[in-house]
Trainee: 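Can you keep this structure in mind? I'll have questions shortly.
We number each residue from 1, following the sequence as shown. It should be emphasised that the depicted structure is a prediction, and the values quoted were computed from it without experimental measurement.
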Amino acid sequence: MADFLLFNPRTYDPAHFDPETRRLLRATVDWFEERGKRRLIEDYRTRAWLADFLAFAAKEQLFATFLTPASAAGGHPGKRWDTARIAALNEILGFYGLDYWYAWQVTILGLGPVWQSGNAAARARAAELLSQGEVFAFGLSEKTHGADIYSTDMLLEPDGEGGFRATGSKYYIGNGNAAGLVSVFGRRTDVEGPEGYVFFAADSRHPAYHLVKNVVDSSKYVSEFRLEGYPVRAEDVLHTGRAAFDAALNTVNVGKFNLCTASIGICEHAMYEAVTHAHTRVLYGRPVTAFPHVRRELTDAYVRLVGMKAFSDRAVDYFRSAGPDDRRYLLFNPMTKMKVTTEGEKVVDLMWDVIAAKGFEKDTYFAQAAAEIRSLPKLEGTVHVNLALILKFMRNHLLDPVAYEPVPARPDAADDDFLFRQGPARGLGSIRFHDWRPAFDAYAHLPNVGRFREQADALCAFVATAAPDEEQSRDLDLLLAVGQLFALVVHGQLILEQAALRGLDEDVLDELFAVLVRDFSGYAVELHGKDSATAEQQRWALDAVRRPVVDAARSERVWQRVEALSGAYEMTP
């Protein structure tokens, strides 16, 4: 039986998109299915470069159509930067293999500084390279400094003719082996401070561009490269000064959103394999899925996955509706990167506990899913970095809401041009949010939504009366535990907003919130155990622990949805 909540290539019909988008998404699915599972796994195991996929993408103009904003499209009717369809393609590419998604993802990152630039020649060049099927790269990280862009050692020396000579190395740079354009971050040798920053466009085929190696053992080409006196012409300069710094951070804002839907795709494919294997395997005369603990683990995995999708789909709407006076997406973005991807790890782990040794077998998708799902929480800033970012919004979000017009569902064929004019990457503490409570009020009749609401209200009281003091605010270990509690409230809010828009099954929703109640209780106990937690904070933590409302009939109905996934999809051999 097909489950409309999960992506299934057999039944996939993205009818909410325009005809050309539907054609390209369906063509991508068909390309993978025709290629077949055996070839997919073999390419993964042999670390083959993605030349065949990139040739397909070039032939179909996939990247060019999806990643050229309307302002650079030369009037082409189908080209636009549309976060809804980008998210759909993330999910498909994750479903078939993270290596394919990664080449697309770092192309998005490489394009970020270009599409934010006022350099018309560079923008036209990028649009032409896309139409030729080229990929792009984002030259930000360095071996010694990581993504600490304050400390870049990529140095640009003025050449006396209005340009520069760039020398330095970059590390962890996807597509660095093949990119037609690499957006490189560096600093001038003749200007001190932030005004010395420069973003410029480089070509990986230039003689002064030296490819050192692939730093990972994978089809993903995550390169180290070095520039030796690379000539940077005036027409290659994308940004200078503080604008270069802002372009780096704003590009990451655009790019890291893609991790959530890639994680969803991985989990969906793995779930079909895991449920089918467990349900068709017999132990001690019974199907594996007859054991209560197995049903619990697979049901938890399923509802967590549904929650991942609901949150991410709703976050798309806020991205697409963003503007100078509505920057709420800057909270929901690190949430998709941090919360959804770590939920993906939990989903895979729950299924792996069930299928055990099967998860290592070389002819399964699950084996690569189990490895690749680990990478997503660690890309575009660690979980800790994004949790710390989320905390900047906590007081305003929980305690000081303001009125906004409701944000509708946004599947429309619009160009999300604001993402390339986000402005200065600061002022996060001044961003205001709509009231989170009405989303919960709409589902107050569901027992576990009500139980979780008690915990969310308790967190508001914590922030108002027992928040970390000045000394504790320097204890990141304590703050991160608080951040996990806040993240759960935001996670629940957007899930409920999406449930109201989509009409999600209330049994599934209540079962999901039973899981979230347990999660909140677990993080509260963790906070209780922190070295610097005060006696008042410890009392609060234990008082916030709740037991989910148990309903055996509800859990059985949700289990039947999970059980129906057995045999619902198997990739073409």
Trainee: Determine the interplanar angle of the His397 and Phe332 rings, folded into 0 to 90°, and report it as parallel if under 30°, tilted if 30 to 60°, perpendicular if over 60°.
Mentor: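 Correct class here is perpendicular.
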
Trainee: Is the shortest side-chain heavy-atom distance between Phe7 and Tyr569 below 4.5 Å?
Mentor: no

Trainee: Side-chain contact test, heavy atoms from C-beta onward, threshold under 4.5 Å: evaluate it for Arg546 versus Phe520 and give yes or no.
Mentor: no

Trainee: Do you know which two heavy atoms are closest between Leu6 and Glu268, and how far apart they sit?
Mentor: CA-OE2, 3.6 Å

Trainee: State whether the side chain of Arg410 and the backbone N or O of Arg320 hold a donor-acceptor pair below 3.5 Å, judged by distance alone.
Mentor: yes

Trainee: For residues Glu526 and Gln484, is any side-chain donor paired with an opposing acceptor at under 3.5 Å?
Mentor: no

Trainee: Please determine, by modelled atom types, if Trp115 and Asp417 share a side-chain donor-acceptor pair under 3.5 angstrom.
Mentor: no

Trainee: Measure across Ser263 and Thr341 and return the closest heavy-atom pair with its distance rounded to 0.1 Å.
Mentor: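 Where Ser263 meets Thr341 most closely, the heavy atoms are OG-CA, 4.0 Å.
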
Trainee: Is there a side-chain contact (heavy atoms from CB on, under 4.5 Å) between Leu298 and Leu350? Walk through the geometry before answering.
Mentor: CA-CA 7 Å; Leu298 291 179; Leu350 284 163; over 6 Å; no

Trainee: Show your reasoning for whether salt bridge (charged side-chain N to carboxylate O under 4.0 Å, His left out) applies to Arg295 and Glu556.
Mentor: CA-CA 9 Å; Arg295 292 190 174 199; Glu556 175 60 26; 3.3 Å; yes

Trainee: Do Arg328 and Tyr404 make a side-chain contact, defined as non-hydrogen atoms from C-beta onward lying under 4.5 Å apart?
Mentor: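 Arg328 vs Tyr404: side chains touch.
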
Trainee: Knowing that exactly one of Phe257, Phe319, Phe393, Phe433 qualifies, which makes a ring pair (Phe, Tyr, Trp, His ring centres under 6.0 Å) with Tyr329?
Mentor: Phe319

Trainee: Of the non-hydrogen atoms in Val449 and Asp510, which two are nearest, and what is the gap between them?
Mentor: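 So the two residues come closest at N-OD1, 3.7 Å.
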
Trainee: Flag yes if more than 12 heavy atoms outside Arg547 fall under 6.0 Å of its CZ atom; otherwise flag no.
Mentor: no

Trainee: Ring pair (Phe, Tyr, Trp, His ring centres under 6.0 Å), that's the test. Do Phe513 and Tyr443 meet it? Break it down for me.
Mentor: CA-CA 11 Å; Phe513 271 82; Tyr443 287 94; 8.5 Å; no

Trainee: Flag this pair as yes if the NZ/CZ of Arg561 is under 6.0 angstrom from the six-membered ring centre of Tyr302 and inside a 45 degree cone about the axis; otherwise no.
Mentor: no

Trainee: Taking all heavy atoms of Ala439 and all of Glu497, pick out the closest pair and write down the distance.
Mentor: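 Closest approach of Ala439 to Glu497: CB-CG, 3.9 Å.
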
Trainee: Heavy atoms only: give me the nearest Leu479-Ser473 pair and the separation to one decimal.
Mentor: CD1-O, 3.2 Å

Trainee: Could you walk me through whether Lys309 and Asp313 satisfy the salt bridge (charged side-chain N to carboxylate O under 4.0 Å, His left out) test, starting with their C-alpha distance in whole Å, then the side-chain angles of each, then the deciding distance to 0.1 Å, before giving a yes or no?
Mentor: CA-CA 6 Å; Lys309 291 199 73 169; Asp313 286 348; 5.7 Å; no

Trainee: Go through it in stages, so that I can follow the logic: the residues are Asp400 and Arg395, the test is salt bridge (charged side-chain N to carboxylate O under 4.0 Å, His left out), and I'd like the CA-CA distance, side-chain angles, deciding distance and then a yes or no.
Mentor: CA-CA 7 Å; Asp400 198 13; Arg395 180 171 288 272; over 6 Å; no

Trainee: Which is it for Asp505 and Leu5 under the side-chain contact (heavy atoms from CB on, under 4.5 Å) test, yes or no, and what are the steps along the way?
Mentor: CA-CA 10 Å; Asp505 180 270; Leu5 296 179; 5.6 Å; no

Trainee: Would you indicate whether Lys346, at its atom NZ, is surrounded by more than 12 heavy atoms from other residues, nucleotides or ligands within a distance under 6.0 Å?
Mentor: yes

Trainee: Are Arg80 and Asp18 side-chain neighbours, meaning at least one heavy-atom pair lies under 4.5 Å?
Mentor: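 Arg80 reaches Asp18 side chain to side chain.
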
Trainee: Below 4.5 Å, heavy atoms only, C-beta onward: do Thr299 and Ser555 meet side chain to side chain?
Mentor: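 A side-chain contact is absent here, since even the closest heavy-atom pair is not under 4.5 Å.
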
Trainee: Rounded at 0.5 Å granularity, tell me how far OH in Tyr318 sits from CG in Leu330.
Mentor: 14.0 Å

Trainee: Do the ring planes of Phe420 and Trp81 sit parallel (below 30°), tilted (30 to 60°) or perpendicular (above 60°)?
Mentor: perpendicular

Trainee: When rounded to the nearest 0.5 angstrom, what distance separates OG in Ser312 from CG in Asn90?
Mentor: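 The OG atom of Ser312 sits 10.0 Å away from the CG atom of Asn90.
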
Trainee: Any chance the side chains of His76 and Gln61 put a donor and an acceptor closer than 3.5 Å?
Mentor: no

Trainee: Below 4.5 Å, heavy atoms only, C-beta onward: do Val482 and Phe462 meet side chain to side chain?
Mentor: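 Heavy-atom side-chain distance check passes, below 4.5 Å.
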
Trainee: Any idea how Phe199 and Phe138 line up, ring-wise: parallel (<30°), tilted (30 to 60°), or perpendicular (>60°)?
Mentor: parallel

Trainee: Evaluate the side-chain contact (heavy atoms from CB on, under 4.5 Å) criterion for residues Val254 and Gln422: first the C-alpha distance (whole Å), next the side-chain angles of each, then the deciding distance (0.1 Å), finally the verdict.
Mentor: CA-CA 10 Å; Val254 174; Gln422 296 176 56; 3.6 Å; yes

Trainee: Phe95 versus Pro9: any side-chain heavy-atom pair under 4.5 Å?
Mentor: yes

Trainee: Applying salt bridge (charged side-chain N to carboxylate O under 4.0 Å, His left out) to Glu511 and Arg296, what does each step give before you reach the verdict?
Mentor: CA-CA 11 Å; Glu511 194 76 17; Arg296 168 50 51 203; 3.1 Å; yes

Trainee: To check you understand the geometry: which heavy-atom pair defines the closest contact between Lys79 and Ala73, and what is its length?
Mentor: CB-CB, 3.6 Å

Trainee: Does one side chain, of Ser521 or Gln455, offer a donor that lies under 3.5 Å from an acceptor on the other?
Mentor: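 Gln455 and Ser521 do have a side-chain donor-acceptor pair below 3.5 Å.
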
Trainee: Calculate, to the nearest 0.5 Å, the distance between atoms CG and CG belonging to Leu485 and Leu480 respectively.
Mentor: 11.5 Å

Trainee: Can you see whether Phe66 has Arg85 sitting over its ring - NZ or CZ less than 6.0 Å from the centre and within 45° of the normal?
Mentor: yes

Trainee: Is Thr336 reaching over with its side chain to a backbone N or O of Asn333, donor-acceptor style, under 3.5 angstrom?
Mentor: yes

Trainee: Using the side-chain contact (heavy atoms from CB on, under 4.5 Å) rule, take Gln537 and Lys530 through it: C-alpha gap first, then chi angles, then the decisive distance, then the call.
Mentor: CA-CA 10 Å; Gln537 290 166 344; Lys530 294 298 181 184; over 6 Å; no

Trainee: Hey, are the side chains of Ile431 and Leu331 touching, using non-hydrogen atoms and a 4.5 Å cut-off?
Mentor: no

